[in-house]
Visitor: 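I have a structure I would like to understand better, so I am pasting it below and will then ask my questions one at a time.
Every chain is numbered from 1 and lettered A, B, ... according to where its sequence line falls, protein lines coming before strand lines. Only this structure's heavy atoms are used, side chains among them; waters, hydrogens and symmetry mates stay out.
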2 protein chains.
Amino acid sequence: MLLSKSCVYGLRAALFLATRKDGEYTPIKGMSEKLEISFHFLTKILQQLTAEGILKSYKGPNGGVKLTKPGHEVTLMDIVLAIDGPKLLTECALGLPGCGLKNPCPLHDKWAETRDSIRDMLENTSLTDLVRKGIEENLRLTDDGDFEDLLRI
Amino acid sequence: MLLSKSCVYGLRAALFLATRKDGEYTPIKGMSEKLEISFHFLTKILQQLTAEGILKSYKGPNGGVKLTKPGHEVTLMDIVLAIDGPKLLTECALGLPGCGLKNPCPLHDKWAETRDSIRDMLENTSLTDLVRKGIEENLRLTDDGDFEDLLRI
DNA sequence: TTATTTTAAGACAAAAGACTCTGTAATTAG
DNA sequence: CTAATTACAGAGTCTTTTGTCTTAAAATAA
């Protein structure tokens, strides 16, 4: 797996939140059912995003979580970084410590290029980009559902 | 980690074998010491490569493992595929089953591009490519050593 | 205040990944 | 034949990831 399962779930949840109205808190319970992710596990993941300042949370009735910034200001990279950490896109492909421009491994140059292409994609794609695409083409965030489903809630 | 640790070790070992003379079997013990990888663990990984036909092995004195094909015919993709499996570069970034051209997720297109760029790099880089680069620039396959080290054995 | 709804936190269990150990089989050298 | 050297096979351990469960804390509503 290129991305951890937590990260994948985090991306799904972030996209889901980007479909909600600004200012409204969305309860994790409903989200977990809609996205078919275990409630407690999703809670943990979203706590990480909250700790990183990507989400705001509120307890009690009408509470839940929401994006702190508008969806077009949140990139996939923000989510991946918060969950899988910065090492994901800096580590040496041969596992050598200190591999870099100064003391590279034979694969360093090509691998750095590859990592950069991943990074570029993640940095240049916002949640809103994908929500817009999802709406226009009526795509899905779950095994069975479609985007109209999500927007109807 | 984009690649599993087993995969990373497998790549190092495959590169090491590509520096050896054709036809000679290299004992895993020496390789594990040179590459600073646990002997038993490396053995397991190389057994996978042997099972996949990438290596040939021979028991007894003067035995060991060697590449079945010349290094310029073995790509990094061959190694990654043998160890991390084909799913690594086909899975959906949002974890949706059946995500593809027919029933894509909102991230499918961009993610497919990203995966392809990884795949292209792996498929278009042979062991010999990297060994050559390693020799020319005297790079390293271990934390401390350099390529001259390896060739001297 | 009391009951309800929600997130937060932490202990716990299960599964997968990373690694170790022990023994066996094949091969060679003496 | 015997001893040494090597890969092979499988069980076992440790760690990380994934997932569950229970309790606490905050907020609201009645």
Visitor: With a 4.0 Å cutoff (strictly under), does any side-chain N or O of A/Ser38 reach OP1 or OP2 of D/dG19?
Guide: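 For A/Ser38, the contact criterion (side-chain N or O under 4.0 Å from OP1 or OP2 of D/dG19) is not met.
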Visitor: 5'-most contact on DNA chain D: B/Lys44 or B/Thr26, nearest heavy atom basis?
Guide: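 Comparing both residues, the 5'-ward one is B/Thr26.
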Visitor: Under 4.0 Å between a side-chain N/O of B/Thr43 and OP1 or OP2 of D/dC8, yes or no?
Guide: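 No, no such contact exists.
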Visitor: Between atom CG in A/Leu49 and atom P in C/dA8, what is the gap in whole Å?
Guide: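 After rounding, the reported distance stands at 11 Å.
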Visitor: Below 4.0 angstrom, N of the basic side chain to O of the carboxylate: do B/Glu136 and B/Arg132 qualify?
Guide: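 Salt bridge absent between B/Glu136 and B/Arg132.
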Visitor: Could you state whether A/Phe39 and A/Val65 fall into the same hydrophobic cluster, counting links through intermediate Ile, Leu, Val, Met, Phe, Trp or Tyr residues with side-chain heavy atoms under 4.5 angstrom apart?
Guide: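 Yes, A/Phe39 connects to A/Val65 through the hydrophobic network.
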Visitor: Would you say D/dT28 has OP1 or OP2 under 4.0 Å from some side-chain N or O of A/Tyr58?
Guide: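 For D/dT28, OP1 or OP2 has a side-chain N or O of A/Tyr58 closer than 4.0 Å.
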Visitor: In whole Å, what is the span from the CG atom of A/Leu42 to the C1' atom of D/dG19?
Guide: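 Taking CG of A/Leu42 and C1' of D/dG19, I get 12 Å after rounding.
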Visitor: Please report, rounded to the nearest Å, how far the C1' atom of D/dA4 is from the NZ atom of B/Lys29.
Guide: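 Nearest whole value for this atom pair: 14 Å.
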Visitor: Side chains of B/Ser117 and B/Asp120 only: does a donor on one sit below 3.5 Å from an acceptor on the other?
Guide: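 Absent: no donor and acceptor within the cut-off.
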Visitor: Side-chain N or O of A/Tyr25 versus OP1/OP2 of C/dT7: is the shortest distance under 4.0 Å?
Guide: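 A/Tyr25 to C/dT7 OP1/OP2: no side-chain N or O under 4.0 Å.
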Visitor: Using modelled atom types only, decide if a donor and an acceptor are shared between the side chain of B/Arg20 and the backbone of B/Lys66 within a distance under 3.5 Å.
Guide: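 Absent.
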Visitor: Taking the six-membered ring for Trp, are B/Tyr9 and B/Phe41 parallel (under 30°), tilted (30 to 60°) or perpendicular (over 60°)?
Guide: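 B/Tyr9 and B/Phe41: perpendicular rings.
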Visitor: Just N and O in the side chain of B/Ser6: are any of them under 4.0 Å from OP1 or OP2 of C/dA18?
Guide: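 Result: yes.
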Visitor: What's the CD-C1' distance between B/Gln48 and D/dC8, to the nearest Å?
Guide: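 One finds 13 Å between C1' of D/dC8 and CD of B/Gln48, rounded.
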Visitor: Reckon B/Leu46 touches a base, only the sugar-phosphate, or nothing at all at heavy-atom distances under 4.0 Å?
Guide: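 Contact class for B/Leu46: none.
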Visitor: Nearest nucleotide by nearest heavy atom, which residue falls closer to the 5' end of DNA chain C, A/Gln47 or A/Pro61?
Guide: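 First, find each residue's nearest nucleotide; the 5'-ward one identifies A/Pro61.
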Visitor: Strictly by modelled atom types, are A/Lys110 and B/Thr125 linked by a side-chain donor-acceptor pair under 3.5 Å?
Guide: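 Result is yes, a qualifying pair exists.
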Visitor: According to a strict under-4.0 Å criterion, is A/Ser57 in side-chain N/O contact with OP1 or OP2 of C/dA8?
Guide: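 So the side chain of A/Ser57 is within the cut-off, an N or O lying under 4.0 Å from OP1 or OP2 of C/dA8.
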Visitor: Where the side chain of B/Phe41 is concerned, which of D/dT6, C/dT7, C/dA18 is the nearest nucleotide?
Guide: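 Closest nucleotide to the B/Phe41 side chain: C/dA18.
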Visitor: Given atom CD of A/Glu36 and atom C1' of D/dT18, what is their separation to the nearest angstrom?
Guide: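 About 18 Å, once rounded to whole Å.
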Visitor: Without decimals, in angstroms, what is the distance between B/Phe39 CZ and D/dT5 P?
Guide: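 Going from CZ in B/Phe39 over to P in D/dT5 covers 13 Å.
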Visitor: Return no unless some side-chain N or O of B/Tyr9 is found under 4.0 Å from OP1 or OP2 of C/dC19.
Guide: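 B/Tyr9 to C/dC19 OP1/OP2: side-chain N or O found under 4.0 Å.
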Visitor: Just the rounded figure in Å: distance from P of C/dT22 to NE2 of B/His40.
Guide: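 Atom-to-atom, B/His40 to C/dT22, this comes out as 8 Å.
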Visitor: From CG of B/Leu17 over to P of D/dA7, roughly how many Å is that when rounded to an integer?
Guide: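 The answer, rounded to whole Å, is 11 Å.
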Visitor: 5'-most contact on DNA chain D: A/Cys7 or A/Lys59, nearest heavy atom basis?
Guide: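 It is A/Cys7 whose nearest nucleotide is closer to the 5' end.
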Visitor: Tell me whether the side-chain N/O atoms of B/Lys5 come closer than 4.0 Å to OP1 or OP2 in C/dC19.
Guide: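 For C/dC19, OP1/OP2 do have a side-chain N/O of B/Lys5 under 4.0 Å.
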